[in-house]
Amino acid sequence: MKQEVIVRFAPSPTGYLHIGGARTAIFNWLFAQKTGGKLILRIEDTDAERSTEESIKGIVDGMKWLGITWDEGPYFQTQFINEHLAAAKKLLDSGHAYKCFCSKEELEDKRAAALKHKKDVKYDGTCRRLTRIEIAIKEAKIPYTLRMKVPSEEGSVSFEDVVYGTIENKYKDIEDFVIVRSNGQPLYLLSNAVDDIRDRITHVIRGQDGLSNTHRQILIYQALGAPVPKFAHMSLTLDPKKAKISKRKHGELVAVHFYKAHGFLPWAFVNFLVLLGWATPESREIFSKEELMEAFSLQGISRANSIFNVKKDDPKYFTDPKAISINAHYLREMPVEEIEPYVRAELEKAGIWDPEYENAKRQWFLETLELIRSRFHVTTDFVDRGRAYFSDDFPIESRALKKNISKHPQLEKWLPMLADRLEGLERFTTAETENVIREMAETLEIKPGVLINGIRTVVTGQLAGPGMFDVLINIGQRRVVERLRRSPALF
RNA sequence: GUCCCCAUCGUCUAGCCAGGUCCAGGACACCGGCCUUUCACGCCGGCAGCAGGGGUUCAAAUCCCCUUGGGGACGCCA
């Protein structure tokens with residue numbers, strides 16, 4: 001019988017979910033979904049200073065927003081400290097680990113000296129060579145750490161990484177690393193391995209920064225007599241300067257919640273993220289959730305790091321242009337009913353949501369979204385660039401004012417005239433309104449564009465938008481007439 | 001200093017494992033055109049890349065070596 005796949009996402013709570021973490025979570029989730037396995041969420045909170053309620057909530061909220069579901073957890077690493085310590089004792093008893101009495105200061109000095117002389121910085125094994133008696137004496141008065149005893153013979157640790165292939169490290173290049181602090185607290189390398197063993201993790205899918213920890217963890221698995229899971233390391237996400245993205249350096253720009261706040265559709269963002277460092281043989285780009293689960297495979301993960309192309313200080317793109325284009329794609333391609341709740345949330349936030357939009361005006365509301373969405377990139381566009389559709393209180397863009405109004409002072413008279421004519425229309429249709437406007441232009445011997453652009457500015461506040469006659473019908477006779485009538489105030 | 005990983009258009013990438021069908025395909029961005037009252041959408045077209053050098057081979061983006069460049073790890077952080 002085939003073993004069920006169990007994967008985990010094990011973030012340390014450092015404030016919020018950033019895109020690197022989100023990507024790791026997504027890949028684990030996808031793999032679990034694809035294989036019918038399960039995903040465990042485990043918070044590695046052993047660093048008490050960083051692990052606040054708030055930062056844990058940040059991670060959970062981020063995952064929920066993205067739509068990443070997990071089957072077990074969240075578990076907390078601190079709950080299992082006794083297990084970690086029991087494992088450490090087992091390692092000590094079985095001779096796989098030993099007590100080290102070197103003080104922090106001594107070690108730091110040695111490390112600094114080694115670095116200075118450009119020598120190897122590995123632990124020199126002082127305490128590994130202690131006799132039983134020496135240990136007994138020191139034990140009584142000196143606090144000690146526990147170190148893994150890396151085999152001293154010729155040989156190596158090697159494993160098949162699912163994405164990087166065979167990775168081999170010689171024993172002699174691995175130092176005797178600490179697994180328990182002198183205050184008795186277990187360290188990450190140990191805790192993580194013990195937790196993965198307990199949770200019966202079959203595949204460790206994590207960032208490539210874990211690649212150089214892997215051989216040490218395998219040593220722990222082996223010493224504990226536990227089966228070694230499969231490892232799949234994913235390439236990292238870098239910034240345009242090829243530096244690892246970090247909260248410190250990039251702040252909000254790399255936080256998942258930033259994208260929520262800036263009008264991203266969660267699935268569009270997932271779709272974008274999964275494309276950073278992963279591809280199908282056809283380089284397919286747009287996937288529904290079901291399609292992505294079907295198409296996903298660990299083999300598609302690329303080995304080379306990818307760049308999250310945030311263009312700081314680029315007025316045109318507040319984040320990676322590809323992310324925006326994918327979001328815009330979804331915004332105009334999804335069934336309007338599906339973007340409705342997101343737009344509603346924006347309107348509510350802006351205080352211009354009309355409850356009738358879900359009742360009597362629902363049809364109008366959906367038609368409006370359909371009408372304007374093709375030129376929007378993010379859902380927040382609906383409340384700024386699209387404000388005039390939902391509220392009578394909207395700003396007039398200065399560029400539009402200049403180009404379409406100020407240039408033609410006579411519009412001060414023409415627009416109200418148009419209001420009268422439009423008001424007189426019995427059937428307020430695209431054909432009728434177009435007729436009226438074109439006829440009037442003819443009589444005045446001006447280009448229809450002068451009137452049309454003037455109307456556009458006064459009615460929508462914008463320089464550009466959907467076909468004017470469609471807009472007129474959408475806004476409605478009464479509101480159009482009103483807006484045209486009050487236009488002389490602009491002159 | 002040691003160890004590990006990586007290298008195709010500006011960016012995300014396909015192709016590499018099983019060398020020929022690749023004077024390298026797609027997407028975003030950019031530029032031009034069509035459509036049009038405007039701006040988008042859409043459609044059409046364009047710009048742009050195998051890091052460098054050696055091999056192996058009839059043939060190399062693909063295999064090997066070196067160089068260079070980049071990333072990661074080397075903590076009583078996770």
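If you're wondering where the values come from, they're calculated on a predicted model, not measured in any experiment. Order of the sequence lines sets the chain letters (A, B, ...), proteins ahead of strands, with each chain counted from 1.
Map A:W278 and A:V163 each onto its nearest nucleotide of RNA chain B; the residue landing nearer the 5' end is A:V163.
Legend: residues meeting salt bridge (charged side-chain N to carboxylate O under 4.0 Å, His left out) with A:D239, ordered by chain and number and at least two apart, are absent. Shown here are the ring pair (Phe, Tyr, Trp, His ring centres under 6.0 Å) partners of A:F264, two or more places apart in sequence or in another chain: A:Y259, A:F269.
Nucleotide B:rG1 has B:rC74 as its partner under the Watson-Crick or G-U criteria, with both atom distances under 3.5 Å. Checking B:rC23 for Watson-Crick or G-U wobble geometry (two distances, each under 3.5 Å) identifies no partner in any strand. Pairing of B:rG42, defined by two Watson-Crick or G-U wobble distances under 3.5 Å, is identified with B:rC34. Applying the Watson-Crick and G-U wobble criteria (two distances, each under 3.5 Å), B:rU68 pairs with B:rA7.
Within the nucleic acid shown, A:S302 comes within 4.0 Å of sugar-phosphate atoms alone, with no base atom in reach, counting heavy atoms only. Backbone-only contact: A:Q77 has heavy atoms under 4.0 Å from sugar-phosphate atoms and none from a base. No contact: A:N192 has no heavy atom under 4.0 Å from any strand. Contacts of A:S182 with the nucleic acid, taken as non-hydrogen atoms under 4.0 Å apart, include base atoms.
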Which pairs, protein N/O on one side and nucleotides 62-71 of chain B N/O on the other, fall under 3.5 Å?
{"unit_1": "B:rG71", "atom_1": "O2'", "unit_2": "A:N305", "atom_2": "ND2", "d": "2.9"}

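Residue A:R181 has a polar side-chain atom (N or O) positioned under 4.0 Å from OP1 or OP2 of B:rC77. One finds a side-chain N or O of A:T46 lying less than 4.0 angstrom from the OP1 or OP2 phosphate oxygen of B:rA78.
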task: Any chance you could list the contact pattern along nucleotides 27-48 of chain B? Use B for base contacts, S for sugar-phosphate-only contacts and - for none, protein heavy atoms under 4.0 Å, 5' to 3'.
output: BSSS------BBBBSS------
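In this pair, A:H18 and A:Y16 present their aromatic rings perpendicular. The plane angle is above 60°, beyond the 30 to 60° band.
No more than 12 heavy atoms of other residues, nucleotides or ligands lie within 6.0 Å of CD in A:E53, so this atom counts as exposed by the packing criterion.
Interface residues of residues 145-161 of chain A facing RNA chain B, ordered by number: A:T145; criterion, heavy-atom separation under 4.0 Å.
Checked against a 6.0 Å centroid threshold, the rings of A:Y342 and A:F382 do not count as neighbours.
Here salt bridge (Lys or Arg N to Asp or Glu O under 4.0 Å) pairs that include residues 368-382 of chain A, with residues two or more places apart or in two chains, are A:E370-A:R373, A:D381-A:R385.
Cation-pi geometry between A:R42 and A:Y75 is not satisfied (NZ or CZ under 6.0 Å from the ring centre, within 45° of the ring normal).
A side-chain donor from one of A:E168 and A:S156 sits under 3.5 Å from a side-chain acceptor of the other.
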